[in-house]
> 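Here's a structure for you.
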Amino acid sequence: MIYIKINVEDPNTGVSSKDVVILPETGVSARLYLPKITHDPQSQQNKKLPLLIYFHGGGFCIETPFSPTYHNYLNSPVAEANVVAMSIHYRRVPDHYLPVAYEDSWAALQWVGSHSTGQGPETWLNDHADFDRVFLAGDSAGANISHNMAVMYGQITKKLSGLKLILGVVLVHPQLWGSQRIGSEENDIVMREKVDKFWPILCPSSTTGNDDPRINPASDPKLLSSLGCNNVLVCVAEKDIYRDRGWLYYETLGKSGWGGVVEIMESEGENHMVHLLDPSSENAVELMKRLVSFLN
């Protein structure tokens with residue numbers, strides 16, 4: 001079931017949000033966000049703002065853009081970075097196994113791109129989004145999706161229904177893996193064995209297991225070098241089981257021949273998804289500042 005919310009303003013940030021259905025036949029939908037400045041008639045004639053397309057986490061199985069956790073989180077970068085945002089609702093396991101989430105996310109990007117001429121079905125995108133300043137971002141499984149969308153975008157010569165350029169991609173605690181143990185994964189055998197089982201369950205059609213480039217981008221540096229964006233920010237957490245995969249992604253991308261700029265940020269002493277579990281903590285606040293800086 002899709003929860004449809006119509007034009008509600010957050011009292012703490014002044015950010016307005018509403019829900020839109022993208023593909024009625026599949027249930028793919030999104031929550032849109034507008035910062036308060038877009039409603040001010042004196043604000044430079046409502047100039048166009050960067051567009052942030054966000055993919056939520058939850059292991060491809062749980063969470064939605066409509067949950068209080070993600071709704072409250074997205075209000076912050078929209079207000080602080082002064083961007084338009086669109087949080088994508090894709091179909092999830094176990095009702096729909098991968099690659100359905102990737103297919104839904106790609107369909108959502110195509111729908112977004114249909115607004116680039118100002119003639120799309122959603123007025124907030126037509127009126128306020130700057131399609132020359134588009135960013136993809138996500139956390140955990142959503143970071144994985146963001147990466148794979150950028151790869152798909154790069155493979156089609158960087159043309160996607162009006163999205164001429166993706167300026168940057170933000171991967172927060174990306175859900176990446178591989179068949180060979182690296183770094184601190186050697187020390188946590190129990191967790192490693194659990195995570196080893198995730199991808200084969202999530203994507204039973206995969207023929208390469210945990211070395212599928214969709215979950216292990218470092219397994220195919222040539223494919224990684226086709227990433228269709230100019231800048232990448234990778235955010236990892238010191239105690240996260242996925243921490244070393246984020247570092248490997250950063251290092252492999254930097255050596256792949258890709259022509260952009262990749263940066264990495266590590267939150268010391270923190271675990272997976274601290275920005276959602278403890279958003280007021282010092283490290284979560286610093287992570288938000290880095291995100292806002294990247295978007296600006």
Side-chain angles (χ1 to χ4, degrees), residues 54-65 67 69-70 73 88-105 137-149 151 170-220 224 234-253 264-279 281 283-284 287:
Y54 201 88
F55 302 94
H56 69 82
F60 298 99
C61 302
I62 60 173
E63 287 293 354
T64 75
S67 70
T69 298
Y70 275 100
Y73 175 72
I88 307 300
H89 177 59
Y90 50 86
R91 288 174 290 176
R92 296 150 300 159
V93 176
D95 295 325
H96 303 279
Y97 290 93
L98 294 174
V100 169
Y102 298 134
E103 294 166 352
D104 288 350
S105 298
D139 51 48
S140 193
N144 177 291
I145 293 175
S146 296
H147 157 74
N148 280 289
M149 293 303 99
V151 168
V170 183
L171 310 179
V172 179
H173 306 170
Q175 185 174 333
L176 304 174
W177 207 238
S179 62
Q180 299 298 316
R181 287 174 170 81
I182 62 172
S184 61
E185 294 169 7
E186 296 280 2
N187 305 326
D188 196 341
I189 297 175
V190 174
M191 180 59 74
R192 167 75 201 205
E193 290 178 346
K194 290 180 179 179
V195 179
D196 275 342
K197 300 175 182 177
F198 287 172
W199 179 256
I201 293 173
L202 295 169
C203 191
S205 63
S206 175
T207 59
T208 50
N210 284 320
D211 287 327
D212 187 313
R214 291 171 292 185
I215 192 68
N216 184 8
S219 69
D220 192 346
L224 189 57
V234 183
C235 302
V236 299
E238 182 184 13
K239 296 182 178 180
D240 187 0
I241 187 66
Y242 295 113
R243 179 254 187 193
D244 292 299
R245 294 292 163 178
W247 273 101
L248 180 61
Y249 181 95
Y250 164 75
E251 293 163 357
T252 306
L253 180 59
I264 192 164
M265 171 187 184
E266 179 165 335
S267 299
E268 295 182 1
E270 298 293 358
N271 215 318
H272 195 60
M273 305 290 268
V274 62
H275 59 293
L276 297 182
L277 299 175
D278 190 9
S281 67
N283 280 324
L287 183 58

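Values in this document were obtained by computation on a predicted structure and should not be read as measured data.
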> What do the steps show when you test Phe60 against Leu98 for side-chain contact (heavy atoms from CB on, under 4.5 Å), and what is the final call?
CA-CA 8 Å; Phe60 298 99; Leu98 294 174; 3.6 Å; yes
> Could you grab the distance from atom CD1 of Ile241 to atom CG of Asp188, nearest 0.5 Å is fine?
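It comes to 5.0 Å.
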> If every non-hydrogen atom of Lys197 is compared with every non-hydrogen atom of Ile201, which pair is closest and at what distance?
O-CG1, 3.3 Å
> Closer than 3.5 angstrom, by distance alone: can the side chain of His173 be matched with the main-chain N or O of Met273 as a donor-acceptor pair?
yes
> Please evaluate residues Ser281 and Val274 with respect to the criterion side-chain contact (heavy atoms from CB on, under 4.5 Å), reporting the C-alpha separation (whole Å), side-chain torsions for both, the decisive distance (0.1 Å), and the verdict.
CA-CA 8 Å; Ser281 67; Val274 62; 3.9 Å; yes
> Measure the spacing between CD of Glu270 and CD of Glu238 and express it to the nearest 0.5 Å.
9.0 Å
> Is Tyr250 reaching over with its side chain to a backbone N or O of Met265, donor-acceptor style, under 3.5 angstrom?
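Here the side-chain-to-backbone pair does not exist.
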> Under the side-chain contact (heavy atoms from CB on, under 4.5 Å) rule, what do Thr64 and Arg92 come out as? Steps first, then yes or no, please.
CA-CA 10 Å; Thr64 75; Arg92 296 150 300 159; 3.4 Å; yes
> Does a side-chain heavy-atom distance below 4.5 Å link Pro65 with Ile88?
no
> Excluding sequence neighbours, so at least two apart, what forms salt bridge (Lys or Arg N to Asp or Glu O under 4.0 Å) with Asp220?
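Asp220: no salt bridge (Lys or Arg N to Asp or Glu O under 4.0 Å) contacts found.
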> Nearest heavy-atom pair of Tyr102 and Ile145: which atoms, and what distance?
CE2-CG1, 4.0 Å
> Given Ser140, which of Glu63, His56, His272 fulfils the side-chain hydrogen bond (donor to acceptor under 3.5 Å, both in side chains) condition?
His272
> Around Gln180, counting heavy atoms of other residues, nucleotides and ligands shown, do more than 12 lie under 6.0 Å from its CD?
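Incorrect, the count does not exceed 12.
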> What's the spacing between Tyr54 OH and Tyr73 OH if we round to 0.5 Å?
4.5 Å
> Indicate the atoms forming the closest heavy-atom contact of Pro174 with Ala143, along with that distance.
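Here Pro174 and Ala143 meet closest at CA-CB, 3.6 Å.
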> I'd like to know if Glu103 pairs up with Arg91 as an ion pair, taking the criterion as any Lys NZ or Arg NE/NH1/NH2 lying under 4.0 Å from an Asp or Glu carboxylate oxygen.
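Salt bridge flag = no for Arg91 with Glu103.
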> Any chance you could measure Tyr97, atom OH, to Cys61, atom SG, to the nearest 0.5 Å?
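Interatomic distance, Tyr97 OH to Cys61 SG, rounded to 0.5 Å: 8.5 Å.
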> Atom CG of Asp240 and atom CE of Met191: how far apart are they, to the nearest 0.5 Å?
9.5 Å
> Give me the atom names and distance for the closest heavy-atom approach of Ala141 to Gly59.
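Taking Ala141 first and Gly59 second, the nearest heavy atoms are CB-N, 3.7 Å.
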> State whether a side-chain donor-acceptor pair under 3.5 Å links Asp244 with Tyr249.
no
> In sequence, state the C-alpha distance, the side-chain angles, and the governing distance for Arg243 and Glu266, and then conclude on side-chain contact (heavy atoms from CB on, under 4.5 Å).
CA-CA 9 Å; Arg243 179 254 187 193; Glu266 179 165 335; 3.1 Å; yes
> Who passes side chain to side chain contact (heavy atoms under 4.5 Å, CB included) against Glu193, sequence neighbours left out?
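Residues passing side chain to side chain contact (heavy atoms under 4.5 Å, CB included) with Glu193: Arg181, Ile189.
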> Heavy atoms, side chains only, cut-off 4.5 Å: are Val172 and Val170 in contact?
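SC-SC contact between Val172 and Val170 confirmed.
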> Taking all heavy atoms of Trp199 and all of Ser206, pick out the closest pair and write down the distance.
NE1-OG, 3.4 Å
> Among Leu248, Leu253, Leu176, Ile264, which one satisfies side chain to side chain contact (heavy atoms under 4.5 Å, CB included) with Val234?
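Of all the options given, the one that passes is Ile264.
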> Quick one: pull up NE2 in His275 and CG in Asp139 and give me the separation to the nearest 0.5 Å.
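With rounding to 0.5 Å, NE2 (His275) is 3.5 Å from CG (Asp139).
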> Which residues satisfy the salt bridge (Lys or Arg N to Asp or Glu O under 4.0 Å) test with Glu185, sequence neighbours excluded?
Arg192, Arg245
> Could you tell me if the side chain of Val195 sits less than 4.5 Å from the side chain of Trp177, heavy atoms only?
yes
> Contact between His147 and Leu171 at the side-chain level, heavy atoms closer than 4.5 Å - yes or no?
yes
> For the residue pair Gly57 and Tyr70, what are the closest heavy atoms and their distance?
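Reported closest heavy-atom pair: N-OH, 2.8 Å.
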> Do Ser146 and Phe55 touch side chain to side chain, with heavy atoms closer than 4.5 Å?
yes
> Are the side chains of Trp247 and Ile182 in touch, meaning some heavy atoms are under 4.5 Å apart?
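No - every pair of side-chain heavy atoms lies 4.5 Å or more apart.
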> Can you find a pair of side-chain heavy atoms, one from Pro99 and one from Arg214, that are under 4.5 Å apart?
yes
> Determine the sole option in Asn210, Thr208, Asp211 for which the side-chain hydrogen bond (donor to acceptor under 3.5 Å, both in side chains) test with Asn216 is passed.
Asp211
